[in-house]
Amino acid sequence: MTESVWGPVKQEMTDLLQSHPDDVPAVVDQLTKLQDILGRVPPLLAENPLCDFNRLYLTITESVLERLYAGKFVDPSFLSRLDVEFAARYFDALRAWAGPDASPHCPRVWAGLFQRIPGPDCRPLPAACAGVNAHINFDLPFALVTTFDHLGTDPIDDSDQHHDYLQINEIFAEAIPGLRRGYLDKWQLLIDTMNGRLDDWWQGEAVDYTRNVAWRNARKLWAMRHDMSATDAERAHLDRIASDLGKLLLSPLGEFLQ
């Protein structure tokens, strides 16, 4: 299956995913290279749905890096580590999908989006939202747990780390209007203009809500982190919920609502 998905760029994809980036600049570099490779995957090329998500993810990560350089975070080591752990899960999912036994090892929520790479085509905004759903609702809680475990600290509400975590919501709020309009057709832009800032507001609220849920799920996972059976059950549960939401986002109804 993966031969037909990656086509002539299969070796480039394999080479890119051989290692994990170890800092935020390296994450940006890998996402940039990935964007180029994804844009050459037949038959949809730059219009394949993963391109739409990867472009959004790259934009947000570049903004995180700018804030790190500007000294905006109280605990930059936490945010840097979280960014690396977070990206690793996306790259792991791609690596699993590209492997010889993709289906059993790739999370269901990511597989639902990856399966759309060779078509049928879907609109850019739902595709980007489906990727955000997979990355925040499934990947982010586990990235938080491994980050706190690496740093030897706990996920505590209202801590410096929590406040830094919430700063990412601000980055989304700043980026969403431009990103979202970049995914719209001319007729959709007309409706968007008529709606004023309503669409920007509710999508910002949706990001805030899902990232708050991810934080709460991370705290739940943190409490059971030494119980592998319970952790695996929770992983399957989160994957199932996120996968169902992803199917809705990519459905005709989901595309209409967006």
Side-chain angles (χ1 to χ4, degrees), residues 5 27-28 30-41 44-64 83 86-87 89-91 93-94 97 106-140 143 168-189 191-192 195 197-211 213-214 242-258:
V5 169
V27 172
V28 170
Q30 190 148 337
L31 288 171
T32 301
K33 292 175 180 175
L34 179 58
Q35 187 70 21
D36 173 67
I37 293 173
L38 289 172
R40 291 183 281 115
V41 176
L44 301 179
L45 304 180
E47 295 184 359
N48 88 62
L50 195 54
C51 268
D52 300 319
F53 165 70
N54 196 81
R55 183 167 67 252
L56 180 152
Y57 187 21
L58 174 57
T59 299
I60 297 298
T61 307
E62 288 173 334
S63 296
V64 171
D83 196 279
F86 193 33
R89 275 144 187 82
Y90 173 46
F91 297 135
L94 279 166
W97 183 252
C106 184
R108 288 172 54 187
V109 64
W110 278 118
L113 181 59
F114 296 162
Q115 286 168 352
R116 303 293 291 266
I117 291 173
D121 198 5
C122 55
R123 291 190 177 277
L125 183 57
C129 289
V132 170
N133 162 62
H135 211 25
I136 293 180
N137 287 323
F138 180 68
D139 289 340
L140 185 52
I168 307 303
N169 296 1
E170 299 174 11
I171 292 176
F172 270 98
E174 293 169 359
I176 279 175
L179 284 169
R180 190 173 57 78
R181 290 178 180 85
Y183 294 126
L184 301 181
D185 295 329
K186 289 183 179 180
W187 66 270
Q188 292 174 312
L189 285 170
I191 296 174
D192 182 75
N195 285 338
R197 295 186 56 82
L198 178 62
D199 290 338
D200 294 335
W201 173 81
W202 81 258
Q203 289 192 340
E205 289 294 306
V207 168
D208 288 356
Y209 175 78
T210 54
R211 295 192 81 254
V213 170
S243 178
D244 289 343
L245 179 55
K247 290 176 183 177
L248 174 62
L249 290 168
L250 291 171
S251 71
L253 175 61
E255 292 194 16
F256 173 77
L257 291 175
Q258 295 172 73

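Given the structure is predicted, the values throughout are model-derived calculations rather than measurements.
A distance of 11.0 Å separates CD1 in I60 from CG in D83, rounded to the nearest 0.5 Å. R211 contributes atom CZ, which lies 6.5 Å from atom CZ of F172 (distance to the nearest 0.5 angstrom). Rounding to the nearest 0.5 Å places OG1 of T32 at 8.5 Å from CG of N54. To the nearest 0.5 angstrom, L125 atom CG is 13.5 Å from F53 atom CZ. Separation of atoms CD1 (I37) and CD (Q30) is listed at 9.0 Å; rounding is to 0.5 Å. Atom-to-atom distance recorded for D52:CG and R116:CZ is 11.5 Å, nearest 0.5 angstrom.
When each of L38, I117, L45 is checked for a side-chain contact (heavy atoms from CB on, under 4.5 Å) with C51, only L38 meets the rule. Of the options T61, I168, L140, a side-chain contact (heavy atoms from CB on, under 4.5 Å) to F86 is made by L140 and by none of the others.
Between the side chain of N169 and the backbone N or O of V207, no donor-acceptor pair lies under 3.5 Å.
Side-chain atoms of W110 and D139, non-hydrogen and from C-beta on, do get closer than 4.5 Å to each other. In this structure, the side chains of Q35 and L31 stay at 4.5 Å or more apart for every pair of heavy atoms. Put simply, the side chain of L50 reaches to within 4.5 Å of the side chain of L94, judged on heavy atoms. Within the 4.5 Å cutoff, no side-chain heavy atoms of N137 are placed close to those of V109. At least one side-chain heavy atom of Y90 sits less than 4.5 Å from a side-chain heavy atom of L34.
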Trace of the side chain to side chain contact (heavy atoms under 4.5 Å, CB included) decision for S251 with L248: CA-CA 5 Å; S251 71; L248 174 62; 3.9 Å; yes
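Minimum interatomic distance between L250 and A127 (heavy atoms only, all atoms of both residues): CD2-CA, 4.0 Å. Residues A242 and N133 share a closest heavy-atom pair of O-ND2, 2.9 Å.
Classified by interplanar angle (parallel below 30°, tilted 30° to 60°, perpendicular above 60°), the ring pair F114/W97 is tilted.
By the 6.0 Å contact criterion, CD on E47 is open, its count of non-hydrogen atoms from other residues, nucleotides or ligands being 12 or less.
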